[in-house]
Asker: 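After the structure tokens below, expect a handful of questions from me.
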Amino acid sequence: KKKLVKWEPTDIKEEMLKKYPPKVARKRAKQIMINEALENETPEITANVRTIPGIITMRGCTYAGCKGVILGPTRDIVNITHGPIGCGFYSWLTRRNQTDASGEGDENYMPYCFSTDMEDKDIIFGGEKKLAAAIQEAYDLFHPKAIAIFATCPVGLIGDDIHAVAKQMKEKFGDCNVFGFSCEGYKGVSQSAGHHIANNQIFKHVVGENDEEKPGEYRINLLGEYNIGGDGFEIDRILKLCGITNIATFSGNSTYDQFASAHKADLNCVMCHRSINYVADMLETKFGIPWIKVNFIGAESTAKSLRKIGTYFGDKSFIEKIEAVIAAEMPEIEAVVADVRTRTEGKTAMMFVGGSRAHHYQDLFSEMGMKTLSAGYEFAHRDDYEGRHVIPNLKVDADSRNIEEITVEADDTRYAPRKTEAELAALEEGGLKFKEYEGLIPDMDKGSLIIDDCNQYEAEKLVEILKPDIFCAGIKEKYSIQKLGVPMKQLHSYDSGGPYAGFKGAINFYKEIDRLTNSKVWSYMKAPWQESPELSATYVWE
Ligand code: CFM
Ligand code: HCA
């Protein structure tokens, strides 16, 4: 009913690139992929490269990935932004990660925004003294267990040594762990570099600090779950029903002690591979804890992930308990799906989000009978697209906790095109180790468009051509898409909704998407130029 012209994927790609200068078009062409165009091999996509200046990217910065994403959802660590006030302000509770700390004596600094509020004079004369004073002030006010310091762009540019200040203050206090993160916004091409910096420092300064045994028969850590809209609460509810003890969540609603005790778990379950795979590898190398990939987005995926945990431990009664939990939760899911599918079946979606959700959420949509026409990550790496984790050669020094990545030669041979068993075996013989899991490219339909670091222009072009029934991305995209008359769902903050993880979350999501895609309001949305196309603006030089 909507598509009057049948667009071939190659034509869409061409149309998207047409406006660019030739050099830009050549670069973007490598990040826009028509899935399975190469038949049996996983085609290659360029990812984790610098955004071309001038393009309005959907990405954020390295500071955002470190301070906002990884450390942001920790309750009892005072997180001080060393930088101009804007950096602290814009990362102040905007991610909607929730916390349940309400008990007496239960520390929770998440509602606060701590910043050194650097000004011109600090940039000129240096900000170390101001930083030391801020750390002292936080200590005097709260006496927290730990204080973390985050460097913003100017800090690296003027050379303030946040690590020296942290060390000095830690020694001065004696009862408070103070550590810093060199996560200047420009450090990497996106948030992704910030994840790596955060993971390394948390591992170096906190993990393994508390050696007390933790109770529980089946003890896991949940890595890469940030409790957006309460997702972590729903997952914890399900884990508890199954008799699984969650020692530490990295890092939704987490505490310092959870990180410090993470080495006491028996298994690591990785939810968002992109942001936390480093901690998983380090825990495996140093403490011998293996990791598996899980996904609690989607009812089927939740059941599958629970079964994976069951299989790992292997106890018959445990597996039976997990099956009983799944059996008890599914009827409600099935009833809601049966209802919403009558209205959502055959509808289409697009999603451009971070480094894992553009993949995970496709499961929820397919449970509703909806097809993903186009998707992509803002900052994922090739392994997330291809579903192959390259296990790094890590040398973790048992005493000093220094983590060193021994770079493997012929770095670029590690990734796709998807290799044959024999080729993989040859690479493994050469010292490379792989772990396969579900990936966005192999899971998406042939002919679908996979776009890395999609931008404002391309997003609008895609919507114009393919007219999806729903578009999912972040706050920067929300209003430009809605103005095109297409409902837009934020998959970062969930707008004001959620949880969407686990069983109860799936039900929330089905209902929300049903409401959005079947609302008549969007058909009344017309931009001024659609209402009166004859009115064109002319610039007159006088
Ligand atoms: Fe992982 Fe995330 Fe994501 Fe991410 Fe993010 Fe986020 Fe995201 Mo926004 S850790 S990669 S850096 S799942 S903040 S909770 S929603 S972009 S897809
Ligand atoms: C970040 C955080 C973010 C931003 C979301 C958005 C989040 O990357 O700094 O653009 O709407 O989830 O809050 O990804």
Side-chain angles (χ1 to χ4, degrees), residues 27-28 30-33 44-72 87 90-91 94-95 150 152-153 181 183-200 223-226 228 250-251 270-280 297 350-362 374-390 392 415-416 437 439-441 444 449-459 472-477 490-493:
K27 282 189 173 169
R28 284 304 297 151
K30 294 183 185 149
Q31 286 170 277
I32 301 175
M33 201 193 79
E44 243 176 70
I45 191 163
T46 295
N48 193 30
V49 293
R50 205 162 81 103
T51 303
I52 302 158
I55 277 182
I56 303 177
T57 176
M58 294 181 185
R59 284 173 168 174
C61 69
T62 299
Y63 159 82
C66 181
K67 191 267 180 184
V69 174
I70 309 295
L71 271 296
C87 305
Y90 285 108
S91 57
T94 46
R95 194 154 160 261
F150 301 87
T152 57
C153 294
F181 296 82
C183 57
E184 286 85 349
Y186 59 76
K187 269 283 170 67
V189 300
S190 67
Q191 292 93 316
S192 176
H195 303 147
H196 203 162
I197 294 163
N199 283 205
N200 281 352
L223 305 187
E225 166 45 53
Y226 301 93
I228 312 301
F250 283 66
S251 42
V270 177
M271 171 89 176
C272 166
H273 171 271
R274 180 65 271 132
S275 60
I276 211 87
N277 70 85
Y278 319 96
V279 164
I297 303 296
M350 285 183 186
M351 60 206 78
F352 297 95
V353 213
S356 76
R357 295 184 175 195
H359 181 211
H360 287 167
Y361 275 79
Q362 292 191 27
S374 182
Y377 296 126
E378 286 170 56
F379 50 72
H381 299 202
R382 293 248 320 254
D383 46 3
D384 307 294
Y385 280 105
E386 289 155 10
R388 178 184 308 131
H389 173 80
V390 182
Y415 295 115
Y437 61 88
L440 184 131
I441 294 176
M444 279 186 77
L449 279 155
I450 299 174
I451 305 175
D452 181 66
D453 188 16
C454 185
N455 57 55
Q456 165 105 41
Y457 171 74
E458 291 167 10
C472 306
I475 189 65
K476 299 192 288 301
E477 294 73 54
Q490 294 190 66
L491 285 192
H492 297 260
S493 69

Asker: When you compare the side chains of D384 and H273, does any donor N or O come within less than 3.5 Å of an acceptor on the partner?
Answerer: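 Yes.
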Asker: To the nearest 0.5 Å, what is the distance between CG on L491 and CZ on F352?
Answerer: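 Here the interatomic distance stands at 11.5 Å.
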Asker: With a 4.5 Å heavy-atom cut-off, do R28 and N455 have their side chains touching?
Answerer: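 Yes, close enough: below the 4.5 Å cut-off.
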Asker: Which heavy atom of D452 sits nearest a heavy atom of A380, and at what distance?
Answerer: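 Heavy atoms of D452 and A380 come nearest at OD1-O, 4.3 Å.
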Asker: Can you list the steps and then say if T46 with M33 is a side chain to side chain contact (heavy atoms under 4.5 Å, CB included)?
Answerer: CA-CA 9 Å; T46 295; M33 201 193 79; over 6 Å; no
Asker: Side chain of S374, backbone of M350: donor and acceptor closer than 3.5 Å?
Answerer: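 No: the side chain of S374 does not pair with the backbone of M350.
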Asker: Could you give the distance from NZ (K67) to OG1 (T152), rounded to the nearest 0.5 Å?
Answerer: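 K67 NZ to T152 OG1: 11.5 Å, rounded to 0.5 Å.
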Asker: Is there a side-chain contact between M271 and I297, using heavy atoms and a 4.5 Å cut-off?
Answerer: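 The answer is yes, as the side chains (C-beta and beyond) meet within the 4.5 Å cut-off.
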Asker: Would you compute the distance between atom OH of Y437 and atom CG of N277 and round it to the nearest 0.5 angstrom?
Answerer: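 Here the rounded value is 7.5 Å.
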Asker: Which pair of heavy atoms, one from F181 and one from I197, lies closest together, and at what distance?
Answerer: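 Smallest interatomic distance, heavy atoms only, reads CD2-O, 4.0 Å.
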Asker: Could you check whether atom OH of Y186 has more than 12 heavy atoms from other residues, nucleotides or ligands sitting under 6.0 Å from it?
Answerer: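 Count over threshold, so yes.
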Asker: Which atom pair, heavy atoms only, marks the closest approach of S275 to G224?
Answerer: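 Result for this residue pair: OG-CA, 4.3 Å.
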Asker: For a 4.5 angstrom cut-off between non-hydrogen side-chain atoms, does R357 reach M351?
Answerer: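 No; the side chains remain at least 4.5 Å from each other.
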Asker: Describe, in one word, how the ring planes of Y63 and F150 are oriented to each other, choosing from parallel (under 30°), tilted (30 to 60°) and perpendicular (over 60°).
Answerer: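 Aromatic pair Y63/F150 classed perpendicular.
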Asker: When rounded to the nearest 0.5 angstrom, what is the spacing between CZ in R50 and CG in D453?
Answerer: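 Those atoms lie 12.0 Å apart.
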Asker: Looking at every heavy atom in both A358 and G376, which two are closest together, and how far apart are they?
Answerer: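 That closest heavy-atom pairing would be CB-O, 3.2 Å.
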Asker: Rounded at 0.5 Å granularity, tell me how far SG in C272 sits from NE2 in H359.
Answerer: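 The SG atom of C272 sits 12.5 Å away from the NE2 atom of H359.
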Asker: Indicate yes or no for a side-chain donor-acceptor contact from S91 to the backbone of A64 under 3.5 Å, with no hydrogens or angles considered.
Answerer: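 A pair under 3.5 Å: no.
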Asker: Are the side chain of T62 and the backbone of G188 linked by a donor-acceptor contact shorter than 3.5 Å?
Answerer: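 Yes, T62 side chain to G188 backbone: donor-acceptor pair under 3.5 Å.
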Asker: Decide side chain to side chain contact (heavy atoms under 4.5 Å, CB included) for H492 and R95; before the verdict, give the C-alpha distance in whole Å, the side-chain angles of both, and the deciding distance to 0.1 Å.
Answerer: CA-CA 7 Å; H492 297 260; R95 194 154 160 261; over 6 Å; no
Asker: Hey, does the side chain of Y385 reach the backbone of I45 with a donor-acceptor pair shorter than 3.5 angstrom?
Answerer: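 Side chain of Y385 to backbone of I45: no pair is present.
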Asker: Can you spot which of Q31, E378, R59 makes a side chain to side chain donor-acceptor pair (under 3.5 Å) with T51?
Answerer: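 Considering Q31, E378, R59, a side chain to side chain donor-acceptor pair (under 3.5 Å) with T51 is found only for R59.
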Asker: Kindly say whether G474 contributes a backbone atom to a donor-acceptor pair with the side chain of E477 at under 3.5 angstrom?
Answerer: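 Between the backbone of G474 and the side chain of E477 there is a qualifying donor-acceptor contact (under 3.5 Å).
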Asker: Is the shortest heavy-atom distance from the side chain of I276 to the side chain of V270 under 4.5 Å?
Answerer: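 In short, these two side chains touch, coming nearer than 4.5 Å.
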Asker: Please lay out, stage by stage, how E44 and K30 fare under the test side chain to side chain contact (heavy atoms under 4.5 Å, CB included).
Answerer: CA-CA 8 Å; E44 243 176 70; K30 294 183 185 149; over 6 Å; no
Asker: Quick check for you: to the nearest 0.5 Å, what is the distance between Q456 atom CD and K476 atom NZ?
Answerer: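 If we round to the nearest 0.5 Å, Q456:CD and K476:NZ are 10.0 Å apart.
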Asker: Specify whether H195 and F379 have parallel, tilted or perpendicular ring planes, treating 30° as the upper limit for parallel and 60° as the lower limit for perpendicular.
Answerer: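 It falls in the perpendicular class, over 60°.
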Asker: What's the verdict on side chain to side chain contact (heavy atoms under 4.5 Å, CB included) for C472 and Y361, showing C-alpha distance, side-chain angles and the deciding distance?
Answerer: CA-CA 10 Å; C472 306; Y361 275 79; over 6 Å; no
Asker: Is the CD1 atom of I475 crowded by more than 12 outside heavy atoms at less than 6.0 Å?
Answerer: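 Result for CD1/I475: enclosed.
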Asker: Where is the tightest heavy-atom contact between S493 and Q490, given as atom of each residue plus distance?
Answerer: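 Where S493 meets Q490 most closely, the heavy atoms are OG-OE1, 3.3 Å.
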Asker: Any donor and acceptor pair, going by atom type alone, linking the side chain of N199 with main-chain N or O of H196 inside 3.5 Å?
Answerer: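 Checked: no pair found.
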